Amino acid sequence: MATRTDWNPILRAEFERPYWSELQTFLRAERQQHTVYPPQDEVFRALHLCSYAETKVVILGQDPYHGPGQANGLAFSVAAGERIPPSLQNIHKELESDLGFTRPSHGLLEPWARQGVLLLNATLTVRARSAASHQKQGWETFTDEVLRAVMNKPERVVFVLWGASARKKRELVDTARHTVIESPHPSPLSAHRGFFGSKPFSQTNNALIAAGQAPIDWAL
């Protein structure tokens, strides 16, 4: 198994850039004055559970969940036992429709992360009950660098982009070497506009198999 810390040398230069120290100053002030999600030790959980060497799929979210107990450092995921948010309920519905799996009773997507699915939010923190409150503070610069690093891998990677914000990241991807699967967002506001029926899970596995890689076991 590849080391779970193999992102560090790849991203280390980011920690010396001015935006990073500004971001950390902002986050310290936010945590002093407000509740911030996810907990500090889970902010980089997506990178800890899915090593760079093993990353073969990226599912890109926007913001962590901003309700109590929800965000756990993995895009779209919540801890087992937490109420499943509406967008994740729709992901479960599409999983059932696409692959025939019974809808899971929990929202923990950690099994995907451990198979090489990088569940990355563009912004890695959020103020409690205040959606988008940590956008444009520097996180996007960092996560764009994560995406560029993955794009530079020699092996084919599948980028799954749901919704307008994620789909803007297509420009970072060399589509001659990698696969992009995109659709409307799974939120209740947009899922019926093309997310349902888009078959992202079988499409992803077909692309991996075509590239000589093992498919993801999407069962939860």
Side-chain angles (χ1 to χ4, degrees), residues 46 50 55-67 70-71 74-78 82-113 115-124 126 131-132 135 139-140 143-144 146-148 150-151 156-211 213 215-220:
C50 181
T55 297
K56 55 187 179 181
V57 180
V58 178
I59 296 179
L60 188 64
Q62 188 169 2
D63 251 9
Y65 295 120
H66 55 85
Q70 292 183 304
L74 302 175
F76 296 104
S77 175
V78 293
E82 289 293 327
R83 180 177 170 274
I84 301 172
S87 291
L88 185 51
Q89 289 182 34
N90 287 338
I91 291 169
H92 286 172
K93 286 180 187 176
E94 182 60 19
L95 185 63
E96 180 183 51
S97 169
D98 186 1
L99 297 176
F101 293 144
T102 302
R103 287 182 214 172
S105 60
H106 64 87
L108 184 63
L109 303 183
E110 187 173 316
W112 295 357
Q115 295 178 75
V117 180
L118 181 63
L119 295 161
L120 183 71
N121 280 315
T123 304
L124 296 187
V126 68
Q135 290 183 9
W139 275 130
E140 295 90 342
T143 55
D144 278 0
V146 173
L147 293 174
R148 287 190 189 94
V150 174
M151 194 271 286
R156 180 181 297 175
V157 178
V158 181
F159 292 83
V160 181
L161 308 179
W162 291 329
S165 176
R167 292 167 89 168
K168 289 176 183 174
K169 303 296 183 181
R170 183 188 178 103
E171 65 190 37
L172 299 176
V173 181
D174 179 356
T175 53
R177 292 195 299 116
H178 302 300
T179 299
V180 174
I181 295 169
E182 54 185 316
S183 77
H185 196 275
S187 81
L189 296 174
S190 57
H192 290 280
R193 298 179 194 153
F195 174 76
F196 289 137
S198 63
K199 300 188 180 299
F201 307 105
S202 59
Q203 280 199 72
T204 295
N205 279 353
N206 289 342
L208 290 173
I209 292 167
Q213 299 190 60
I216 303 297
D217 178 1
W218 297 105
L220 291 168

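Bear in mind that the values here come from a model prediction, so they are computed numbers and not experimental data. Side chains included, hydrogens not; waters and symmetry mates left out as well; all remaining heavy atoms used.
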For [Y], is there any backbone N or O sitting under 3.5 Å from a side-chain donor or acceptor partner on [X]?
X    : Y    : answer
R193 : L189 : yes
Q62  : T123 : no
Q203 : S198 : yes
D63  : A132 : yes
Q213 : R156 : yes
D98  : F201 : yes
W112 : W218 : yes

Test item: [X] and [Y] side chains (from C-beta on) under 4.5 Å apart, heavy atoms:
X    : Y    : result
V57  : V160 : yes
L161 : R170 : yes
L220 : P111 : yes
N121 : T143 : no
V78  : Y65  : yes
L120 : V146 : yes
L147 : K169 : yes

For this session: Could you please spell out the steps behind the ring-ring contact (aromatic ring centres under 6.0 Å, His included) verdict for F76 and H92?
Result: CA-CA 11 Å; F76 296 104; H92 286 172; over 10 Å; no
Seminar exercise, completed: Residues passing the side chain to side chain donor-acceptor pair (under 3.5 Å) test with T179, sequence neighbours excluded, are none
Exercise. Residues in side chain to side chain donor-acceptor pair (under 3.5 Å) with D217, at least two apart?
Worked result: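 Partners of D217 under the side chain to side chain donor-acceptor pair (under 3.5 Å) test: none.
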For this session: Decide yes or no on ring-ring contact (aromatic ring centres under 6.0 Å, His included) for W162 and F195, but give the supporting numbers first.
Result: CA-CA 8 Å; W162 291 329; F195 174 76; 5.3 Å; yes
Return the minimal non-hydrogen interatomic distance between [X] and [Y], and the atom names on each side.
X    : Y    : value
S190 : P184 : O-CB, 3.7 Å
P86  : P188 : CB-CG, 3.4 Å
P215 : K56  : O-NZ, 4.4 Å

For this session: Please list all pairs passing the salt bridge (Lys or Arg N to Asp or Glu O under 4.0 Å) test where one or both residues lie in residues 101-112, with sequence neighbours left out.
Result: R45-E110, E96-R103, E110-R114
Let me confirm one number: the [atom1]-[atom2] distance from [X] to [Y], rounded to the nearest 0.5 Å.
X    : Y    : atom1 : atom2 : result
I216 : N205 : CD1   : CG    : 6.5 Å
M151 : T175 : CE    : OG1   : 10.0 Å
L74  : L109 : CG    : CG    : 7.0 Å
S97  : N90  : OG    : CG    : 11.5 Å
S183 : K199 : OG    : NZ    : 13.0 Å
E94  : L99  : CD    : CG    : 9.0 Å

